[in-house]
Amino acid sequence: MKYLLICLCLLSYACSEKKDAGSRQSADPHSFSSPRRVIVKHLNLDLKVDFDSHVLSGRAEWTLENLSGDKSVIFDTRDLKIEKVTTGDDQHNAEYVLGKPVKYMGQSLEINIRPSDKKVTIWYKTSPGAAALQWLSPLQTAGKKYPFLYTQSEAILARTWIPCQDSPGIRFTYNATISVPRQLLALMSAVNPQERSSSGVYHFEQKHPIPSYLMALAVGNIKFKETGKRTGVYAEPVTLNSAAWEFADMGKMVDAAESLYGPYRWGRYDLLVLPPGFPYGGMENPMLTFATPTVLAGDRSLVSLVAHELAHSWSGNLVTNATWNDFWLNEGFTVYFERRIVEKLYGTPEAKMQEVLGLESLRELIGEMGASNKDTRLKGDFAGRDPDDATSDIAYEKGYFFLRSIEDAAGRTRFDRFLKEYFASHAFQSITTEDFLSYLDDKLLANDPVLRNKIRIDDWVYRPGIPAGLPRVESEKFASIDSIVKNMLLAGDFSVDTSRISSANERLYFIKALPDTISLTNMGVVDKQFKFTKSKNSEIQCAWYLLAIKTGYAPAQPYIKDFLIHVGRRKFLLPLYKALSATPRGKKLAREIYEKARPNYHSVSYTAIDAILK
Ligand code: BES
Ligand code: ZN
């Protein structure tokens, strides 16, 4: 009897996995919508941007496909003021119900539809505190003269500025008309203008179906400069030239990416440099990557970020995670692709260094989370949690090393052919982890039991921690830094020929190799030689400031304060505020700094820091 039950359980588990693999619209725990019944296909968005009231107002006209003849359609909203809803070409006034607000999920918006209705139009306003939107005063911009607005929709913030079926498993094309003050330029994740329009009205078209988290808008005193035939940068005028210089390799990157995994399907590839409060390094909005100005190191040492966001044009934007539980399909593939682009353009030693740094941060993270922590599994289970808090670097680095281990086992030529076909055959589709695994099995493993045995798929995807048999990961450059540091510690002498640790990644590795127990005198010796406190490289600054906080190295303190006030990048802010909070004195200082800094941060940063400092 007991065995029968176990068998039945296993069978039903296998069936549910299969069902999931076969369907395009898998259940998404982070959306109220029911796309298996009624799904959106196209959006006409018409919005006016009001910098005085910090409100977007207008309408979203959705084209629907009613798959089951349903009498209602459900959208996601959060903090939206719904003014009116009509359906059909006759603009029939429709009844609608807003559900009870749920934390971070917002409210469902259920609209009654008639069987013949192909359209639903929602008239609405955003709230001034809308989580996706950051409204900047002129003083918070580089030029200090004009206000600025930008959106950040990933993961589930699109619903705070557009009523939508806010799931990455649902794709739609869009057109938009955006009205802004005449002096400002508007840009979206679509075909973009290169000059200001005298009327302040802009029209956009995205003809490829995209998920809602890739909806994006930026408005400001923005100018354009070409960096190649199909690439260019947008930035505030004072930043434009340095941005174009820093990202001069964009065109070569697109070429390199195409030579690896097939044609770039989106037309142009441009990049917008945002004001420093932008909460991420980069965001892969289609046709227009949004980027933090903290990558403008002045020496092109951080441009792998562009390789990363560009790679998302395949992994993420072309083939998309169907739910946030499949987030590693977006980020793990992208880190793999990013390192392949870096290797092609900047050589193997550079790519190896990034790989070693990646493994170090993965080990550190799993150490912190605990090797049996369920959140260290690649396939996530984030239901009931805000995906912005639940998703982690596991998706990036464990995802990377899983793919790297398949490359090792199958051989690079075979794996590259597989990946190229994977992107081509799933173009403009959203898929689950199980869809990917069954494709992997069909195309790569089915006729090769030896290979299948080598790759520990279940360990990588469904079990916590790092599986055994990790590929060998080494960097000669880092090995030589290890021996430099070892000798320094043995001799107690921290003077060194700085040209032996010259590139940004080498310096980053060097800082991380220094022990927390390093004396203040030796911190001073190192700083005098390398000038880390005054570095212009944000990764180096962050690593050095962390060490400075842990060791109590006072000369860095004013620089740390300045960095925290101006930079809004979550990845830097969270560890720095956490490190400060480790002592009562540090926590007091953190709170003082935060009071000044908080207005410069986007909601995805300040929501997380509020929790650290509460
Ligand atoms: N898509 C992410 C940013 C993101 C992730 C936004 C999750 C919201 C929720 C982007 O591609 C990314 O990974 N950015 C990294 C860049 C890095 C890995 C080069 C970042 O911001 O640090
Ligand atoms: Zn990414």
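All values reported here derive from a predicted model rather than from experimental measurement. All residue numbers in this chain count up from 1 along the given sequence. Just follow the structure's listing: the first ligand is 1, and inside any ligand the first atom is 1.
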Report task. Name the option, out of Ser315, Gly281, Ala307, that contains the heavy atom nearest to atom 21 (O) of ligand 1. Result -> Gly281
Report summary line: Among Glu331, Glu397, Glu154, the residue with a heavy atom nearest to atom 4 (C) of ligand 1 is Glu154
Query raised in the report: Looking only at side chains, do Glu355 and Tyr400 share a donor and an acceptor under 3.5 Å apart?
Result: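 Yes, because at least one side-chain N or O of Glu355 sits under 3.5 Å from a partner of the opposite role on Tyr400.
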**Report entry** With the Zn ion (ligand 2) as the apex, the NE2/OE1 angle for His308 and Glu331 - to 10°
**Finding:**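 Roughly 110°, rounded to 10°.
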Geometry only, no angles: is [X] polar-contacting ligand 1 at N/O separations under 3.5 Å?
X: Tyr280; answer: no
X: Lys571; answer: no
X: Glu338; answer: no
X: Ala155; answer: no
X: Thr391; answer: no
X: Glu284; answer: yes
X: Asp388; answer: no

Query raised in the report: Just which atoms of ligand 1 are under 4.0 Å from any heavy atom in Tyr396?
Result: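 Going through ligand 1 atom by atom, the ones under 4.0 Å from Tyr396 are 2 (C), 5 (C), 12 (C), 13 (O), 18 (C).
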Requested in this report: Could you tell me whether ligand 1 has any atom less than 4.0 Å away from a heavy atom of Phe327?
Outcome: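 True for this residue.
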Query raised in the report: Between Tyr422 and Phe436, is a ring pair (Phe, Tyr, Trp, His ring centres under 6.0 Å) present by the stated rule, with each step listed?
Result: CA-CA 9 Å; Tyr422 165 70; Phe436 167 70; 5.4 Å; yes
Query raised in the report: Should the ring pair Phe423 and Phe333 be called parallel, tilted or perpendicular, given that the plane angle runs from 0 to 90° and is split at 30 and 60?
Result: perpendicular
